[in-house]
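A short worksheet on the structure shown next.
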Number of protein chains: 2
Amino acid sequence: MEKMERITPYLFLEEKEAIERQGRVPDEGEIRHLTDFFKMFSDPHRARILSFLRQGELCVGDLAALLDATPSAVSHQLKLLRSVHLVRYRREGKMLFYALADGHVEELLDQGLEHIRE
Amino acid sequence: MEKMERITPYLFLEEKEAIERQGRVPDEGEIRHLTDFFKMFSDPHRARILSFLRQGELCVGDLAALLDATPSAVSHQLKLLRSVHLVRYRREGKMLFYALADGHVEELLDQGLEHIRE
DNA sequence: TTAACAATTGAATATCTGTTCAAATGTTAT
DNA sequence: ATAACATTTGAACAGATATTCAATTGTTAA
């Protein structure tokens, strides 16, 4: 058998390439997207915004009151949530009503809760 | 009709309390756990570690080689992943082999990927 | 058109997070 | 014992992140 180049005492170059070829590990760009997406669930204000929006649409001022935060702080977070398409909004007069973008969001929240509760 | 105390032009105190009573928004402690949990998926190194572990257990040195990172950096991240029970490990000689803690992890990764791909 | 209000924006600051580096721990073989 | 190796740990530094504050945009009503 031919000599194999060792990377660590256990992993051989062939194995490493095999693992990478299997393609179950997203490439750099996709990992970046994925982590940016999950980052949205990793801040208490954002997680609470998403949780509150499960019950229907709310405007920025409502969210600020519910979170006990300033409208500015909430708006900054909503901007991030918009950037990864987790929320959508519609204008009604002076106000912007925000809502969850789709059902995925709730599923994900529930899965997270399931994990930490068990 | 009785006068209601307004919080914002739209949300009334009764509504706010109703929303909070519905209990679909986790309390402070649970939100903290939840965000700490999701935070684990929000760093590229950690996300790649979890992705690589889908294909079977790997030791720290292997992961370091696959990630092109130092064993120290990997170990620090593994410590965080252990802290929220996303990975488990077993010792074999000098090495520690890490594995995903349960199926939840893969489900979550897939849901995240599903969201960003659509 | 002006005033009032809801929300957004950008810059500054304080905090959090991830990596590095050196030292320590645990295991195996000599 | 000692040496060699895999991994962990803690402290220090650099970069990322969330909030605040002041200024701005957009909408409605007088």
Side-chain angles (χ1 to χ4, degrees), chain A residues 6-12 28 31-33 35-50 52-53 57-84 86-99, chain B residues 6-12 28 31-32 35-50 53 57-84 86-99:
Chain A
R6 287 213 306 207
I7 296 171
T8 73
Y10 275 72
L11 197 66
F12 291 87
E28 192 186 320
I31 283 282
R32 177 33 50 107
H33 277 120
T35 54
D36 285 347
F37 173 67
F38 278 119
K39 202 171 288 177
M40 297 302 121
F41 296 85
S42 75
D43 171 78
H45 271 170
R46 285 193 298 267
R48 292 181 70 211
I49 288 173
L50 295 172
F52 278 123
L53 290 180
E57 54 181 16
L58 290 165
C59 72
V60 179
D62 292 345
L63 285 168
L66 288 164
L67 297 177
D68 198 26
T70 66
S72 176
V74 172
S75 180
H76 279 296
Q77 299 302 347
L78 287 169
K79 183 179 191 158
L80 292 173
L81 293 172
R82 284 197 315 265
S83 77
V84 296
L86 276 170
V87 297
R88 55 187 171 71
Y89 66 97
R90 70 183 175 81
R91 180 177 282 282
E92 188 175 310
K94 293 173 196 165
M95 285 154 233
L96 298 178
F97 281 87
Y98 280 84
Chain B
R6 287 215 306 208
I7 297 173
T8 72
Y10 275 73
L11 197 65
F12 292 88
E28 192 187 320
I31 284 283
R32 176 35 45 108
T35 53
D36 285 347
F37 173 67
F38 278 119
K39 203 170 287 176
M40 295 304 120
F41 296 85
S42 75
D43 170 79
H45 272 170
R46 285 194 298 266
R48 293 180 70 212
I49 288 173
L50 294 172
L53 290 180
E57 54 181 14
L58 290 165
C59 72
V60 180
D62 291 345
L63 286 167
L66 288 164
L67 298 176
D68 199 25
T70 65
S72 176
V74 172
S75 180
H76 278 297
Q77 299 303 349
L78 287 170
K79 184 179 192 158
L80 292 173
L81 294 173
R82 283 197 314 264
S83 76
V84 296
L86 276 170
V87 297
R88 55 186 171 70
Y89 65 97
R90 70 181 175 81
R91 179 176 282 283
E92 190 175 309
K94 294 174 197 165
M95 285 153 233
L96 297 178
F97 280 87
Y98 280 83

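Just so it is clear, the model here is predicted, and its values are computed rather than measured. Per chain, numbering begins at 1; letters A, B, ... match sequence-line order.
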Got B:Phe37 and B:Leu86 here, is their nearest side-chain heavy-atom distance under 4.5 Å?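 Yes, close enough: below the 4.5 Å cut-off.
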Residues in side chain to side chain contact (heavy atoms under 4.5 Å, CB included) with [X], at least two apart?
X: A:Arg88; result: A:Ala99
X: B:Ser75; result: none
X: B:Ser83; result: none

d([atom1], [X]; [atom2], [N]) in whole Å:
X: B:Asp68; N: C:dT19; atom1: CG; atom2: C1'; answer: 14 Å
X: A:Met40; N: D:dA16; atom1: CE; atom2: P; answer: 15 Å
X: A:Leu78; N: C:dA7; atom1: CG; atom2: C1'; answer: 10 Å
X: B:Leu81; N: D:dT7; atom1: CG; atom2: P; answer: 15 Å
X: A:Met95; N: D:dG26; atom1: CE; atom2: P; answer: 18 Å
X: A:Leu67; N: C:dA7; atom1: CG; atom2: C1'; answer: 15 Å
X: B:Tyr89; N: D:dT7; atom1: OH; atom2: P; answer: 12 Å
X: A:Glu92; N: D:dT28; atom1: CD; atom2: P; answer: 10 Å

Checking side chain to side chain contact (heavy atoms under 4.5 Å, CB included) for the pair B:Met40/B:Leu80: CA distance, chi angles, key distance, verdict? CA-CA 7 Å; B:Met40 295 304 120; B:Leu80 292 173; 3.8 Å; yes
Strictly below 4.0 Å: does [X] bring a side-chain N or O up to OP1 or OP2 of [N]?
X: A:Arg91; N: C:dA6; result: no
X: A:Ser75; N: C:dA7; result: no
X: B:Tyr98; N: D:dT8; result: yes

By ring-ring contact (aromatic ring centres under 6.0 Å, His included) - contacts of A:Phe38 (at least two apart):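 Once residues adjacent in sequence are excluded, the partners of A:Phe38 under the ring-ring contact (aromatic ring centres under 6.0 Å, His included) criterion are B:Phe41.
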Of the candidate nucleotides C:dG26, D:dT8, C:dT20, which contains the atom at the shortest distance from the side chain of B:Ala73?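 Within the option list, the nearest is C:dT20.
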Would you mind listing every salt bridge (Lys or Arg N to Asp or Glu O under 4.0 Å) that reaches into residues 41-50 of chain B, with sequence neighbours excluded?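 The answer is none; no pair qualifies.
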Close N or O pairs between protein and nucleotides 15-18 of chain C (under 3.5 Å):
| residue | atom | partner | partner atom | Å |
| --- | --- | --- | --- | --- |
| C:dT17 | OP1 | B:Lys39 | NZ | 2.8 |
| C:dG18 | OP1 | B:Arg46 | NH1 | 2.9 |
| C:dG18 | OP1 | B:Arg46 | NH2 | 2.9 |
| C:dG18 | OP2 | B:Arg46 | NH1 | 3.4 |

Which heavy atom of B:Ser42 sits nearest to which heavy atom of A:Lys39, and what is that distance?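 Where B:Ser42 meets A:Lys39 most closely, the heavy atoms are O-CE, 3.4 Å.
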With sequence neighbours left out, what residues match A:Arg82 under side-chain hydrogen bond (donor to acceptor under 3.5 Å, both in side chains)?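 Listed in chain order: A:Tyr98.
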Show each protein N/O and nucleotides 10-15 of chain D N/O combination with a separation under 3.5 Å, one pair to a line.
| residue | atom | partner | partner atom | Å |
| --- | --- | --- | --- | --- |
| D:dG10 | O6 | B:His76 | NE2 | 2.8 |

